[in-house]
Student: 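Sharing a structure with you now.
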There are 2 protein chains.
Amino acid sequence: MRDIPPATVARLPAYVRALEGLLADGCVTTSSEGLAARSGASPALVRKDLSSLGSWGTRGVGYDTAHLRDQVVAVLGLTTQRRVVVVGAGHLGHALARYPVFADRGFAVVGLVDADPAVVGTTVGGLVVRPVDALAELVASTGATIGIIATPAGPAQEVCDALVAAGVGGILTFAPRTLHVPDDVDLRAVDVASELAILAFHDRRRRA
Amino acid sequence: MRDIPPATVARLPAYVRALEGLLADGCVTTSSEGLAARSGASPALVRKDLSSLGSWGTRGVGYDTAHLRDQVVAVLGLTTQRRVVVVGAGHLGHALARYPVFADRGFAVVGLVDADPAVVGTTVGGLVVRPVDALAELVASTGATIGIIATPAGPAQEVCDALVAAGVGGILTFAPRTLHVPDDVDLRAVDVASELAILAFHDRRRRA
DNA sequence: TAGATTGTTAATCGATTAACAATC
DNA sequence: TAGATTGTTAATCGATTAACAATC
């Protein structure tokens with residue numbers, strides 16, 4: 001297996017979901033075209049992506065749905081459960097701590113942290129909210145490798161630094177600001193207000 | 001102003017935020033390098049992006065921070081308030097309906113809809129939750145142009161179709177599945193479980 | 001065999017970086 | 001004028017699409 005292009009990696013989760021949908025529909029084999037329709041990619045792109053993973057299709061037939069699903073899941077590293085800590089127990093933190101889709105995909109939220117003393121000690125989704133200064137200990141004791149930042153913009157960089165110091169390898173942030181991490185830490189950012197702003201741009205164009 | 005590349009549009013909200021941060025720090029002028037540090041782009045990319053908007057910098061000096069902020073805000077179409085309806089009043093819908101950053105950016109959540117009769121009629125963030133079949137009327141009466149899908153995967157395509165039929169021009173979905181919209185509707189997807197899966201991929205690589 | 005569909009190569013397209021002349 | 005920094009062009013890089021030979 002050679003290096004997998006980042007754009008391909010970003011599509012793999014959609015392929016896994018498409019394959020599970022096809023499995024649920026009883027499709028034993030799938031073509032690149034069928035997979036494309038369900039995943040939003042083009043058939044050519046599906047074939048190219050899968051071939052960069054090593055390719056497990058049969059010419060003239062297609063892909064074995066269950067087998068391909070297992071292979072893509074393995075490539076993504078979803079066979080091992082990943083432990084996740086969430087920082088910020090506001091509305092978003094609550095939503096994340098109880099999001100059932102995480103469990104379906106092998107992620108377990110094992111810790112929830114908040115800066116507000118009034119929130120610390122309350123229970124959310126079976127987890128007792130811990131204070132921010134318990135973060136390092138929490139990551140260490142749970143073996144969490146991924147941190148989620150669900151705080152306002154203000155404390156986000158500080159929280160990010162604390163997660164890095166605690167040793168997580170990947171961070172997903174929802175805070176509306178740019179964050180900086182060392183090269184060996186993987187950062188992904190979801191910015192809801194920016195998404196709306198991009199929609200607003202096209203909206204304006206459409207009406208102009 | 002020529003056509004603006006999609007990759008550039010996607011960075012404009014980060015530039016707006018960077019510029020507002022610089023303004024708050026009292027920086028009257030900014031260089032592409034300063035803007036790059038705050039926005040996460042490279043200095044060359046900042047200059048290229050801004051020049052594709054028409055360019056308002058001064059060689060040897062930099063950009064007028066306040067003026068540039070106003071220009072980028074105008075390009076994004078954020079000078080007019082946009083009205084947004086949210087479908088799904090679960091944890092995520094709650095979080096979105098009250099997210100203060102939307103208001104800061106000129107977005108107003110004007111409607112909240114849910115399929116659960118037990119939730120319909122309750123008040124969230126000053127909005128009374130409406131039933132799903134009130135969606136078209138709600139969009140029409142409020143003049144909403146953007147819809148947010150905060151439902152589980154199951155009903156998401158149906159909700160998406162209903163938003164399109166109701167006449168919104170842009171949709172932001174959080175549902176973990178691929179959605180299909182007509183060409184004249186703009187769709188952006190945030191998929192939290194996929195983001196974690198991508199982090200898991202790199203995590204696996206790091207430990208391998 | 002004939003039809004279908006993959007895997008891969010070549011062509012295209014778009015985005016980023018590097019470099020530097022223009023110019024404040 | 002000298003130093004700084006933009007705006008733009010050319011070079012590079014990566015991603016997508018098109019096309020088709022391989023082959024089930």
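Nothing here was measured: the structure is a model prediction, and the numbers come from that model. Chain letters run A, B, ... following the sequence lines, proteins first, then strands; residues in each count from 1.
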Student: Does OP1 or OP2 of D:dT5 have a side-chain N or O of B:S31 closer than 4.0 Å?
Tutor: no
Student: For atom CD of B:E158, is the number of surrounding heavy atoms from other residues, nucleotides or ligands below 6.0 Å larger than 12?
Tutor: no
Student: Specify the residue among A:G60 and A:A7 whose closest nucleotide of DNA chain D lies further upstream toward the 5′ end.
Tutor: A:A7
Student: Among D:dG7, C:dT9, C:dT17, which nucleotide has an atom closest to any side-chain atom of B:S55?
Tutor: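 Out of D:dG7, C:dT9, C:dT17, the nucleotide with an atom closest to B:S55's side chain is D:dG7.
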Student: Does a distance-only test, which skips hydrogens and angles, find a donor-acceptor pair under 3.5 Å between the side chain of B:R59 and the base of D:dG7?
Tutor: no
Student: Are more than 12 heavy atoms, taken from residues, nucleotides or ligands other than A:E33, located less than 6.0 Å from that residue's CD atom?
Tutor: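 No, CD of A:E33 has 12 or fewer neighbouring heavy atoms, counting only those of other groups under 6.0 Å.
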Student: Taking all non-hydrogen atoms of both residues into account, name the closest pair between B:L35 and B:Y15 and its distance.
Tutor: CD1-O, 4.2 Å
Student: Verify the contact: side-chain N or O of A:Y63 to OP1 or OP2 of C:dG7, cut-off strictly under 4.0 Å; return yes or no.
Tutor: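 The answer is yes; a side-chain N or O of A:Y63 sits under 4.0 Å from OP1 or OP2.
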Student: With a 4.0 Å cutoff (strictly under), does any side-chain N or O of A:S32 reach OP1 or OP2 of C:dT5?
Tutor: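 Looking at the OP1 and OP2 atoms of C:dT5, neither is under 4.0 Å from any side-chain N or O of A:S32.
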Student: Could you tell me whether the phosphate oxygens of D:dT6, OP1 or OP2, come under 4.0 Å of any side-chain nitrogen or oxygen in B:T58?
Tutor: no
Student: Toward the 5' end of DNA chain D, which comes first, A:R47 or A:P5, by nearest nucleotide?
Tutor: A:P5
Student: Using a cut-off of strictly less than 4.0 Å, decide whether A:R11 has a side-chain nitrogen or oxygen near OP1 or OP2 of D:dT16.
Tutor: yes
Student: What's the verdict on side chain to side chain donor-acceptor pair (under 3.5 Å) for B:T30 and B:T65, showing C-alpha distance, side-chain angles and the deciding distance?
Tutor: CA-CA 6 Å; B:T30 322; B:T65 314; 2.8 Å; yes
Student: Nearest whole angstrom, please: distance from the C1' of D:dT6 to the NZ of B:K48.
Tutor: 14 Å
Student: Could you give the CD-to-P distance, from B:E33 to C:dA18, as a whole number of Å?
Tutor: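 Result: 13 Å.
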